[in-house]
There are 2 protein chains.
Amino acid sequence: MPELHRLPILGGRTAPVSRAVAEPGQGDPLSVAGAAAAVAPIAYLDDGRAHREEAQREELLQVGDLARECGKTVRAIHHYEAVGLLKPHTRSKGRYRLYGRDAIARVRWIHKLHELGMTLTDIQEILALWERAPSAPDGMREIRAVYHQRLAAVREQLERLTLLERELFASLRYLDTCDTCDPNLLTARFGDAHHADACSSCTHHVEEPEPELVAGLHAGGHT
Amino acid sequence: MPELHRLPILGGRTAPVSRAVAEPGQGDPLSVAGAAAAVAPIAYLDDGRAHREEAQREELLQVGDLARECGKTVRAIHHYEAVGLLKPHTRSKGRYRLYGRDAIARVRWIHKLHELGMTLTDIQEILALWERAPSAPDGMREIRAVYHQRLAAVREQLERLTLLERELFASLRYLDTCDTCDPNLLTARFGDAHHADACSSCTHHVEEPEPELVAGLHAGGHT
DNA sequence: ACAAACCCTTACGCAAGCGTTAGGGTTATC
DNA sequence: GATAACCCTAACGCTTGCGTAAGGGTTTGT
């Protein structure tokens, strides 16, 4: 992975619902929202399918709603669709994308895997694995293998980063002592208080070796 | 930061010295290699400048040597120079870049800061800060501020990644139980053992809620 | 003098993950 | 029926950190 993650900023808008898209009205087969959660516990083992279908009967989200709920941009959602990570549940007459609430879970899933260092393509391949699997347990086995690898990579990264964090911290403590340094004294000694050697010869940390994160500054520079 | 780090692979060549560039010969003011390290301890506080100048009298490295010693490519070194992170100590008559051994420290410094999530531009700005500082202590103060910020960012990243690592690990354990699942039983129950509900209704983890990293698979898919 | 290894500069290429127009419909509200 | 606020598709743009030629010298050894 290239560098550290800079997390996306959440959208600024307030209202989580759009101008009442797909509102509960008669004639529309896609609207009986509510109660699903209350019924689920019983239906759970009896028929997960009914449970799931009910979930889809809930109010649908426009792409903007989905984006806001996930802290993504509309463009990002479109992009995910383009690379095969997501598909709208339906389209309105005007070809507006309409998503079920489960799309939120999907987008968050994408987000997390991405934070875990996978590319969108990698993630797509996971979906492909899952879809091509002959049975659910088979699919899960394959997913598990991928996750397993990722876990190893993440742990490696964590170790590296932890070491670097310590180094950085140590360097900061080293630099703290520089504050007690009087430029005039250095000038007296070296003529030019800015000279690279002024620091490495400063008496405040004679014993301490200069940390690499500090030494690099006055090493073979561009100066 | 975009994703996780994939560390560069070290070069394959064996010999760390090139075909004897800038060999100790007469007439060349840049060659008295050796002894420097032995003299240094005494000169250290007396005159850091002499110490440093001696270091530069050591044998010089060609760009290929430098690259190999740092696990970078020649192209990368060139690039660092292009963005103002590094400059050859000298050039040969034929315009070959010749670096002092301290360039190694510089490149490693660049590498570490990069791993810590800074862009090359960020790193260049650190150098600029240092060079523009009126005195060494002043410079160090500015550097410290930058490092301080970085430390905070890195720690944030570590926390996020640690949480995600746990989630991933938990998901793996959840998936382990899938292995004990018999596709035939699922088929008997759902007709299609691959159906998304087959897994979420599997009796093996009735109580356990499905981890997000698993739920995302069969949520609002591209299927 | 010639080959093997290097090195030089210039400049286009590339992967990722969206950002950003550009031009043009759609929905819901007033 | 006129807005405002959204949404659609298509497609080029951008950033980072080099990779990869392309065309041509330089060093060193034999």
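In what follows, every chain begins at residue 1, and chains take the letters A, B, ... in the order their sequences are listed.
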Item to check | Minimum-distance nucleotide to A:A76 side chain [options: C:dC18, C:dT27, D:dC18] | outcome: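 Nearest to the side chain of A:A76 among the choices is C:dC18.
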
Please report the distance, rounded to the nearest Å, between [atom1] in [X] and [atom2] in [N].
X	N	atom1	atom2	result
B:I110	D:dC18	CD1	C1'	13 Å
A:H79	D:dG13	NE2	P	17 Å
B:L66	C:dC7	CG	P	10 Å
A:D65	D:dC6	CG	C1'	10 Å
A:E81	D:dC8	CD	C1'	11 Å
A:I77	D:dC6	CD1	P	16 Å
A:L98	D:dC6	CG	P	16 Å
A:Q62	D:dC7	CD	C1'	7 Å

Next on the checklist: Could you work out, with side-chain hydrogen bond (donor to acceptor under 3.5 Å, both in side chains) as the rule, every residue matching B:R95, not counting sequence neighbours?
Outcome noted: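 Not a single residue meets the side-chain hydrogen bond (donor to acceptor under 3.5 Å, both in side chains) criterion with B:R95.
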
Would you say the side chain of [Y] lies within less than 4.5 Å of the side chain of [X], judging by non-hydrogen atoms?
X	Y	answer
A:Y80	A:H111	no
A:M140	B:V214	yes
B:Y99	B:D65	no

Item to check | Backbone of A:L217 reached by a side-chain donor or acceptor of B:R106 within 3.5 Å | outcome: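 Such a contact is found between B:R106 side chain and A:L217 backbone.
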
Is [X] close enough to [N] that one of its side-chain N or O atoms is under 4.0 Å from OP1 or OP2 there?
X	N	result
A:S92	C:dT27	yes
B:Y80	D:dG17	no
A:T73	C:dC18	no

Next on the checklist: Check this for me, if you would: do B:R97 and B:E81 make a salt bridge, where the nitrogen-to-carboxylate-oxygen distance has to be below 4.0 angstrom?
Outcome noted: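 A salt bridge links B:R97 with B:E81.
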
Checklist entry - Is it true that A:R160 and A:E156 make a salt bridge, defined as a side-chain N closer than 4.0 Å to a carboxylate O? => result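 Looking at A:R160 and A:E156, the cut-off is met.
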
What does the list of N/O pairs under 3.5 Å between the protein and nucleotides 8-10 of chain C look like, with a distance for each?
residue : atom : partner : partner atom : Å
C:dC8   : OP1  : B:R97   : N            : 3.1
C:dC8   : OP1  : B:R97   : NE           : 2.7
C:dC8   : OP2  : B:H78   : NE2          : 3.0
C:dT9   : OP1  : B:R91   : NH1          : 3.3
C:dT9   : OP1  : B:R91   : NH2          : 3.3
C:dT9   : OP2  : B:R97   : NH2          : 2.0

